[in-house]
Novice: 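I'd like to ask you about the structure that follows.
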Amino acid sequence: MEVTIQLDSAHNQVELFGPADGYLRLLRQSFDVQIAARQANIIVTGKGENVNKAAEVIDKMQKHLIKFGSLTPDDVNAFITHDGSDVTVETSKALTVYSRKKVIEPTTKGQLKYIDVMLANDLTFCIGPAGTGKTYLAVAVAVSMLRKKQIRRIVLARPAVEAGEKLGFLPGDIQAKVNPYLRPLFDALEDMMDFTQMKKFMELDIIEIIPLAFMRGRTLNEAVVICDEAQNTSSLQMLMVLTRLGHGSKMIITGDITQIDLDRSQRSGMVEAMQILRRIKGIGFVELTQKDIVRHRLVQNVVQAYKKKAKAREDKKQNYRK
């Protein structure tokens with residue numbers, strides 16, 4: 001089967017093809033097709049189903065390039081990985097942030113549901129593996145609401161729990177010690193506004209990025225409060241966070257319950273809270289899956305491999321008990 005795709009003359013073919021035609025090579029490898037560029041056309045040949053999939057991805061790449069003016073390897077990998085499960089998002093579903101010419105849009109059905117649930121509820125719990133956009137989309141909703149003046153501030157918090165390393169061994173004062181734990185939140189914000197604007201908002205306390213313990217005793221009105229990595233909260237910490245919610249505020253609790261770094265004897269406050277609060281109206285629950293991973297295409301394979309290993313270990317234990 002052969003399909004000819006006419007390229008839009010409005011954008012740069014070099015950006016569409018990637019550095020040294022790297023994006024075209026990735027498409028060839030992913031879909032087992034042949035791709036040739038001839039003047040203003042791309043010709044895709046191979047098995048019918050594979051050609052159609054490759055053509056759909058190229059079309060998405062073109063539209064993305066026209067809309068955002070750039071195309072990254074992560075964008076191309078996301079289009080390839082989520083081929084068939086992507087969603088077409090209406091303009092009303094896009095989240096407008098402070099970066100010029102940039103809107104944040106969900107790329108999977110799970111992410112679309114996540115945004116809908118966050119907007120519809122004052123308290124949202126979201127669990128899912130690494131790379132599914134739990135934190136990124138929560139920050140995007142918060143920044144979009146701040147830009148529309150629907151809230152007055154954003155509070156981003158994380159528990160400072162070590163994953164195999166000791167906090168005390170890090171150099172510097174307490175601020176220097178906790179900064180590495182808060183870095184993912186800074187990264188998300190930096191993608192949605194320039195550094196000068198972010199610094200100004202932080203100086204005015206319009207945006208706070210703090211360790212979880214610093215939330216004690218506060219009432220947060222007209223704010224979006226995001227508790228990230230919440231699988232590492234204790235029961236008391238989670239109760240403390242949940243009771244910070246004030247008038248006109250939203251709270252988003254995110255975490256990966258397969259990566260709990262607490263002592264084995266300590267139960268995750270997030271897991272407990274989701275069980276206790278499941279039936280309360282006004283609280284939303286979202287579970288993102290491996291299909292919603294939008295990082296490098298290998299991340300899905302890594303998550304799947306570890307999932308299989310864990311299942312095999314559990315099956316072995318059950319057989320031993322029998």
Side-chain angles (χ1 to χ4, degrees), residues 87 89-90 92-97 104-106 108-129 132-159 185 188 206-210 212-257 260 267-289 292:
V87 292
V89 184
E90 299 295 332
S92 60
K93 295 294 183 182
L95 301 171
T96 305
V97 292
I104 307 298
E105 294 179 307
T108 70
K109 292 179 181 178
Q111 289 186 344
L112 178 59
K113 178 185 176 183
Y114 181 29
I115 290 177
D116 285 340
V117 171
M118 283 190 285
L119 295 176
N121 295 277
D122 288 339
L123 175 58
T124 300
F125 286 86
C126 178
I127 60 172
T132 50
K134 302 184 299 295
T135 304
Y136 190 83
L137 290 176
V139 173
V141 165
V143 171
S144 179
M145 291 183 68
L146 181 65
R147 189 175 186 274
K148 295 175 183 177
K149 298 183 179 180
Q150 295 172 332
I151 55 168
R152 292 190 297 110
R153 63 191 317 201
I154 298 172
V155 179
L156 309 169
R158 270 187 147 206
L185 299 173
I206 294 173
I207 295 178
E208 280 189 88
I209 305 178
I210 57 175
L212 194 66
F214 289 18
M215 292 180 66
R216 188 174 297 279
R218 303 176 63 184
T219 299
L220 300 168
N221 296 316
E222 297 180 66
V224 171
V225 183
I226 299 173
C227 179
D228 192 35
E229 295 291 323
Q231 77 274 7
N232 289 325
T233 59
S234 67
S235 179
L236 289 176
Q237 284 177 322
M238 179 53 64
L239 179 59
M240 180 271 290
V241 170
L242 293 173
T243 53
R244 299 309 95 200
L245 190 63
H247 296 293
S249 292
K250 282 185 182 290
M251 182 173 287
I252 304 161
I253 312 292
T254 70
D256 180 357
I257 60 175
I260 297 174
R267 191 179 185 192
S268 167
M270 182 181 191
V271 173
E272 181 182 58
M274 291 177 68
Q275 293 172 347
I276 294 173
L277 306 176
R278 178 66 68 174
R279 296 182 180 179
I280 296 180
K281 188 176 180 180
I283 302 179
F285 298 87
V286 179
E287 181 174 358
L288 299 176
T289 68
D292 298 302

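Values in this document were obtained by computation on a predicted structure and should not be read as measured data.
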Novice: Name the atoms and distances for all side-chain donor-acceptor pairs under 3.5 Å in residues 276-288, with sequence neighbours left out.
Specialist:
none

Novice: First locate atom CG of L185, then atom OG1 of T135, and finally report the distance between them rounded to the nearest 0.5 Å.
Specialist: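 Those atoms lie 6.5 Å apart.
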Novice: Shortest non-hydrogen contact from S268 to I260?
Specialist: CB-CD1, 3.7 Å
Novice: Who pairs with E229 by side chain to side chain donor-acceptor pair (under 3.5 Å), at least two apart in sequence or on another chain?
Specialist: R158, Q231
Novice: Do V271 and Q275 make a side-chain contact, defined as non-hydrogen atoms from C-beta onward lying under 4.5 Å apart?
Specialist: yes
Novice: Would you compute the distance between atom CD1 of I257 and atom CG of N232 and round it to the nearest 0.5 angstrom?
Specialist: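 Reported to 0.5 Å precision, the distance equals 12.0 Å.
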Novice: Answer yes or no: are there more than 12 heavy-atom neighbours, outside R216 itself, under 6.0 Å from its atom CZ?
Specialist: no
Novice: Please find the pair of heavy atoms, one from V97 and one from R147, that lie closest to each other, and give the distance.
Specialist: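 The answer is O-NE, 3.2 Å.
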Novice: Minimum heavy-atom separation for V241 and C227, please, with both atom names.
Specialist: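 Heavy-atom minimum between the residues: CG1-CB, 4.2 Å.
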Novice: Kindly indicate whether the side chain of I210, heavy atoms from C-beta on, has any atom under 4.5 Å from the side chain of R218.
Specialist: yes
Novice: Quick check for you: to the nearest 0.5 Å, what is the distance between L119 atom CG and Y114 atom OH?
Specialist: 11.0 Å
Novice: With heavy-atom distances below 4.5 Å as the criterion, would you say the side chains of M238 and L242 are in contact?
Specialist: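 M238 vs L242: side chains touch.
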Novice: Strictly by side chain to side chain donor-acceptor pair (under 3.5 Å), give each pair with a member in residues 240-254 just once, sequence neighbours left out.
Specialist: D228-T254
Novice: Please evaluate residues M240 and L236 with respect to the criterion side chain to side chain contact (heavy atoms under 4.5 Å, CB included), reporting the C-alpha separation (whole Å), side-chain torsions for both, the decisive distance (0.1 Å), and the verdict.
Specialist: CA-CA 6 Å; M240 180 271 290; L236 289 176; over 6 Å; no
Novice: Calculate, to the nearest 0.5 Å, the distance between atoms CD and NZ belonging to Q111 and K134 respectively.
Specialist: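 With rounding to 0.5 Å, CD (Q111) is 10.5 Å from NZ (K134).
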Novice: Quick one: side chain to side chain donor-acceptor pair (under 3.5 Å) partners of N121, sequence neighbours excluded?
Specialist: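 With sequence neighbours excluded, N121 shows a side chain to side chain donor-acceptor pair (under 3.5 Å) to no residue whatsoever.
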Novice: Just so I know, are the side chains of I115 and L95 near enough to count as touching, which here means a heavy-atom distance under 4.5 Å?
Specialist: yes
Novice: Minimum heavy-atom separation for I253 and M270, please, with both atom names.
Specialist: O-CE, 3.7 Å
Novice: Looking at every heavy atom in both A142 and I226, which two are closest together, and how far apart are they?
Specialist: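 Smallest interatomic distance, heavy atoms only, reads CB-CD1, 4.1 Å.
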Novice: Do any side-chain atoms of residues 148-157 form donor-acceptor pairs under 3.5 angstrom with protein atoms, and if so which ones, sequence neighbours left out?
Specialist:
residue: R152; atom: NE; partner: E222; partner atom: OE2; Å: 3.4
residue: R153; atom: NH2; partner: D205; partner atom: O; Å: 3.4
residue: R153; atom: NH2; partner: E208; partner atom: OE2; Å: 2.6

Novice: Are side-chain heavy atoms of V141 and V224 found at a separation under 4.5 Å?
Specialist: no
Novice: Kindly write out the residues that satisfy side chain to side chain donor-acceptor pair (under 3.5 Å) with S235, not counting sequence neighbours, or none if the list is empty.
Specialist: E272
